[in-house]
Amino acid sequence: MGTTPTSSAKLRRPDGSPVRVLVVDDESNLTELLSMALRYEGWEVRSAGTGTRAVKAAREFQPDAVVLDMMLPDLDGLEVLRRMRSDDGAVPVLFLTARDAVEDRVAGLTAGGDDYVTKPFSLEEVVARLRALMRRTTVVTDASSSLLVVGDLTMDEDSHEVTRGGDEIHLTATEFELLRYLMRNPKRVLSKSQILDRVWNYDFGGQANVVELYISYLRKKIDVGRTPMIHTMRGVGYVLKPAP
């Protein structure tokens with residue numbers, strides 16, 4: 001396979017850690033080959049041989065993408081997807097299907113932005129499809145760039161340009177810092193005190209409502225008229241997630 005990772009090894013989470021991929025197939029030889037190819041890209045990989053183990057692994061591992069065989073010994077691939085989506089509604093899935101898959105069933109798989117490959121396939125094709133899926137639907141960034149990407153929301157940390165769905169969004173300095181903190185911690189619930197400490201750099205005491213105020217400002221600019229990305233976890237804090 002060569003000795004150095006490809007340039008796609010630069011694909012990383014916003015916090016700088018490698019992207020995570022869960023590989024689910026009951027053919028151990030295939031799982032090992034796929035896992036090796038994905039690790040070669042610089043990605044962190046876990047595998048599972050059954051649907052039940054896959055759902056448990058996804059909950060613990062919180063992957064950025066899943067490679068999922070449609071035919072598993074215990075659960076149907078679509079049922080595995082349903083259970084995973086109940087925990088993480090945005091995780092993108094690349095399905096592995098047999099060549100004789102019924103067309104309308106395959107069409108059903110692609111609803112929601114997912115993709116599929118038919119067996120036999122090349123490892124290069126799987127890597128390319130996964131890279132495209134993660135760039136399109138989840139949270140990855142290029143380690144050599146200043147761009148943060150969460151779903152269709154992008155932020156250039158150098159130029160301070162922010163867009164959603166290609167539309168430019170104008171933010172104040174404080175709104176920008178708040179959004180940057182949310183985008184650097186996607187899918188992670190952040191408490192008001194954490195946000196105050198990071199964005200305002202000191203304890204506001206009893207004035208935690210300043211966070212609520214600025215979250216409302218951001219929502220008006222980012223979420224109004226679109227599928228919401230900023231969510232309130234009552235009594236806990238706020239979380240930014242890609243729109244499903």
Side-chain angles (χ1 to χ4, degrees), residues 11 13 17-41 43-140 150-151 186-189 227 229 231 233 239 241-244:
L11 201 64
R13 290 182 152 195
S17 63
V19 296
R20 299 175 183 175
V21 180
L22 174 63
V23 178
V24 186
D25 198 301
D26 60 332
E27 298 178 46
S28 58
N29 288 344
L30 180 59
T31 302
E32 286 174 18
L33 272 174
L34 276 171
S35 297
M36 183 169 64
L38 301 183
R39 288 192 181 101
Y40 181 74
E41 297 299 313
W43 302 346
E44 190 176 344
V45 183
R46 281 196 194 173
S47 60
T50 68
T52 305
R53 288 176 184 163
V55 174
K56 184 173 184 289
R59 197 170 291 140
E60 297 170 352
F61 187 47
Q62 295 189 317
D64 298 296
V66 179
V67 180
L68 177 60
D69 187 21
M70 278 298 301
M71 303 297 291
L72 295 168
D74 56 342
L75 299 174
D76 176 86
L78 291 177
E79 174 60 19
V80 175
L81 173 64
R82 188 188 68 76
R83 296 188 188 186
M84 284 183 180
R85 286 271 165 86
S86 69
D87 293 324
D88 180 357
V91 63
V93 172
L94 177 67
F95 291 97
L96 306 179
T97 71
R99 280 202 179 275
D100 58 1
V102 182
E103 277 188 28
D104 60 353
R105 190 169 188 182
V106 169
L109 303 182
T110 59
D114 295 305
D115 201 355
Y116 71 94
V117 293
T118 53
K119 296 180 178 179
F121 49 78
S122 71
L123 295 175
E124 290 81 2
E125 182 183 11
V126 171
V127 169
R129 296 285 189 91
L130 277 174
R131 195 182 305 130
L133 256 186
M134 285 189 283
R135 285 195 182 281
R136 190 168 75 239
T137 62
T138 190
V139 184
V140 294
V150 179
K187 302 184 188 179
R188 179 181 163 200
V189 179
T227 305
M229 293 182 68
H231 302 272
M233 308 299 286
V239 60
K241 296 190 291 188

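Any value given below was found using the heavy atoms of this structure, including those in side chains, with hydrogens, waters and symmetry copies removed.
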With sequence neighbours left out, write down each residue that passes side chain to side chain donor-acceptor pair (under 3.5 Å) with S17, or none if nothing qualifies. D15
Only one of L34, L96, V80, L72 clears side chain to side chain contact (heavy atoms under 4.5 Å, CB included) with V24; which? L72
Check F121 against L30 and note the closest heavy-atom contact, atom names and distance. CZ-CD1, 3.8 Å
Distance from Q62 atom CD to R20 atom CZ, nearest 0.5 Å? 7.0 Å
Closest non-hydrogen contact found for V21 with F61 is O-CE2, 3.5 Å
Closest non-hydrogen atoms of E41 and R131, given as atom of the first, atom of the second and distance, are OE1-NH2, 3.6 Å
Set of side chain to side chain donor-acceptor pair (under 3.5 Å) partners for E125, sequence neighbours left out: R129
Supply the atom-to-atom distance L38 CG to R46 CZ, rounded to the nearest 0.5 angstrom. 15.0 Å
Look at the side chain of S47 and the backbone N and O of V23, then say whether any donor-acceptor pair between them is shorter than 3.5 Å. no
Can you confirm whether M70 sits close enough to D76 that some side-chain heavy atom of one is under 4.5 Å from a side-chain heavy atom of the other? yes
Could you check if a side-chain atom of W43 sits within less than 4.5 angstrom of a side-chain atom of L130, using non-hydrogen atoms only? yes
List the atom pairs, donor and acceptor, that lie under 3.5 Å between side-chain atoms in residues 49-59 and the rest of the protein, sequence neighbours left out.
from: T50; atom 1: OG1; to: R53; atom 2: N; distance (Å): 3.2
from: T52; atom 1: OG1; to: D74; atom 2: OD2; distance (Å): 2.8
from: K56; atom 1: NZ; to: E60; atom 2: OE2; distance (Å): 2.8
from: R59; atom 1: NE; to: D87; atom 2: OD2; distance (Å): 3.0
from: R59; atom 1: NH2; to: D87; atom 2: OD2; distance (Å): 3.0

Between P63 and K187, what is the shortest heavy-atom contact and its length? O-NZ, 4.4 Å
Set of salt bridge (charged side-chain N to carboxylate O under 4.0 Å, His left out) partners for E79, sequence neighbours left out: R82, R83
When every non-hydrogen atom of F95 is compared with those of G77, the smallest separation belongs to CE2-O, 4.3 Å
Residues V189 and M233: closest non-hydrogen pair is CG2-CG, 3.8 Å
Taking the side chain as every heavy atom from C-beta outward, state whether D25 and V67 have any pair of such atoms under 4.5 Å apart. no
Rounded to the nearest 0.5 Å, the CG atom of D69 sits from the CG atom of L94 at a distance of 11.0 Å
Residue pairs passing the salt bridge (Lys or Arg N to Asp or Glu O under 4.0 Å) test where at least one lies in residues 27-39, sequence neighbours excluded: E27-K119
